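Heads up: the structure comes next, in structure tokens.
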Protein chains: 2
Amino acid sequence: MEEKIRKQYEARAKIAKAMAHPSRLLMLDLLQKQEMCVGELTEQVGADQSTVSKHLAILKEVGLVDVRKAGALSYYRVTCGCLDGFFSCMETVLLSDLKGRQKSLK
Amino acid sequence: MEEKIRKQYEARAKIAKAMAHPSRLLMLDLLQKQEMCVGELTEQVGADQSTVSKHLAILKEVGLVDVRKAGALSYYRVTCGCLDGFFSCMETVLLSDLKGRQKSLK
DNA sequence: TGGCTATATGGCCATATTACCAAGTATCAA
DNA sequence: TTGATACTTGGTAATATGGCCATATAGCCA
């Protein structure tokens with residue numbers, strides 16, 4: 001039964017890991033607002049197209065995004081509506097961390 | 001100004017990266033309920049004590065946890081109250097991903 | 001079919017992570 | 001002071017990640 005719990009944390013960690021890259025966070029942010037194809041994302045991210053494609057594969061692998069193929073185009077979009085919670089929590093951590101550091105400097 | 005935005009995503013990614021490990025997620029989960037010293041955490045995590053100590057350093061570095069030293073003991077605790085949001089969102093993603101996969105199997 | 005566009009994949013290299021052991025620092029207690 | 005306990009840090013080996021280039025693969029249109 002211990003095993004089961006470990007697997008649960010591993011599954012969660014996979015999701016966190018998928019988000020643990022600036023380009024992927026940017027993509028999630030963009031894709032949350034509207035679906036986009038790889039070319040558009042590549043332009044926004046400013047990396048090689050193959051790199052963006054691989055990032056998307058990682059996000060898709062853990063179920064954070066989904067694809068819709070329209071001819072030669074692949075439109076990606078975010079699947080869950082709870083990402084804002086993620087982002088705002090990160091912001092909170094960043095802010096409180098900043099405050100903490102300032103305090104410890106006094 | 002582009003630069004500034006990129007830095008913002010990098011800062012966020014750092015936090016996500018800090019959470020992107022099963023042991024660290026477990027530790028965050030435990031530390032959210034109550035503060036614990038390294039020895040107790042080591043027992044719970046089941047890794048080398050030095051490994052746990054390094055994981056804690058990573059969490060502390062990004063401001064997710066804080067330490068209180070009491071003699072020879074170091075008591076760690078979670079600093080922000082928004083981790084439940086994180087975890088429940090992860091759960092949502094895991095669930096919806098599961099459903100999605102089941103559907104695509106039909 | 002043949003050529004063009006849009007994505008995905010494989011290969012390769014540089015770098016980052018993670019884990020453990022060993023050695024160092026710090027506190028407490030005798 | 002010595003020894004024991006609680007952590008932290010440095011070293012190192014194995015593995016994972018991230019990026020680009022080159023190369024598929026797939027759809028579209030002439």
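Below, chain A is the first sequence line, B the second, and so on; all start at residue 1. Just so it is clear, the structure is predicted and the values come from calculations on it, not from any experiment.
Taking atom CG on B:Asp48 and atom P on D:dC7, their separation rounds to 13 Å, with Å as the unit. Between the CD atom of A:Glu61 and the C1' atom of C:dA8 there is a distance of 15 Å, given to the nearest Å. Between B:Tyr75 atom OH and D:dA6 atom C1' there is a gap of 11 Å when expressed in whole angstrom units. The interatomic distance linking B:Arg68 (CZ) with C:dT27 (P) rounds to 15 Å, in whole Å. Taking atom CE of residue A:Met19 and atom P of nucleotide D:dT17, one finds them 16 Å apart after rounding to whole Å. Here the P atom of nucleotide D:dA24 and the CD atom of A:Gln49 are 16 Å apart, to the nearest Å. D:dG19 atom C1' lies 13 Å from atom CE of A:Met27, rounded to whole Å. Going from atom NZ of B:Lys69 over to atom P of C:dA26 covers 10 Å, rounded to whole Å.
Between A:Val38 and B:Ala72, the one whose closest nucleotide on DNA chain C sits nearer the 5' end is A:Val38. Along DNA chain D, the nucleotide closest to A:Ala20 and the one closest to A:Ala70 are compared, and the more 5′ of them pairs with A:Ala20.
In this pair, B:Phe86 and A:Phe86 present their aromatic rings perpendicular. The plane angle is above 60°, beyond the 30 to 60° band.
Under a 3.5 Å cut-off, the side chain of B:Arg24 and the backbone N or O of B:Ala18 do form a donor-acceptor pair. With A:Glu40 contributing its side chain and A:Cys37 its backbone, the two residues share a donor-acceptor pair below 3.5 Å.
Contact annotation for A:Ser74: backbone-only contact, meaning every heavy-atom pair under 4.0 Å involves sugar-phosphate atoms and none involves a base. Counting any heavy atom pair closer than 4.0 Å across all strands shown, B:Lys60 reaches no nucleic acid atom.
Side-chain contact between B:Val62 and B:Met19 is absent, with no heavy atoms from C-beta onward closer than 4.5 Å.
Below the 3.5 angstrom threshold, one finds no donor paired with an acceptor across the side chain of B:Ser50 and the base of D:dC7.
A close approach under 4.0 Å does not occur between any side-chain nitrogen or oxygen of B:Ser53 and OP1 or OP2 of D:dT9. Close to D:dC20, at under 4.0 Å from its OP1 or OP2, lies no side-chain N or O of A:Lys54. Listed pair A:His55 / D:dT17 fails the phosphate criterion, with no side-chain N or O lying under 4.0 Å from OP1 or OP2. Phosphate contact (OP1/OP2 of D:dG19, side-chain N/O of A:Thr51, threshold under 4.0 Å): absent. Taking side-chain N and O atoms only, B:Tyr76 has a distance below 4.0 Å to OP1 or OP2 of D:dT8.
One finds no salt bridge joining B:Glu10 and B:Lys14 here, because no Lys/Arg side-chain nitrogen approaches an Asp/Glu carboxylate oxygen to under 4.0 Å.
Of the candidates C:dT17, C:dC20, D:dG18, the closest approach to any side-chain atom of A:Arg24 belongs to D:dG18.
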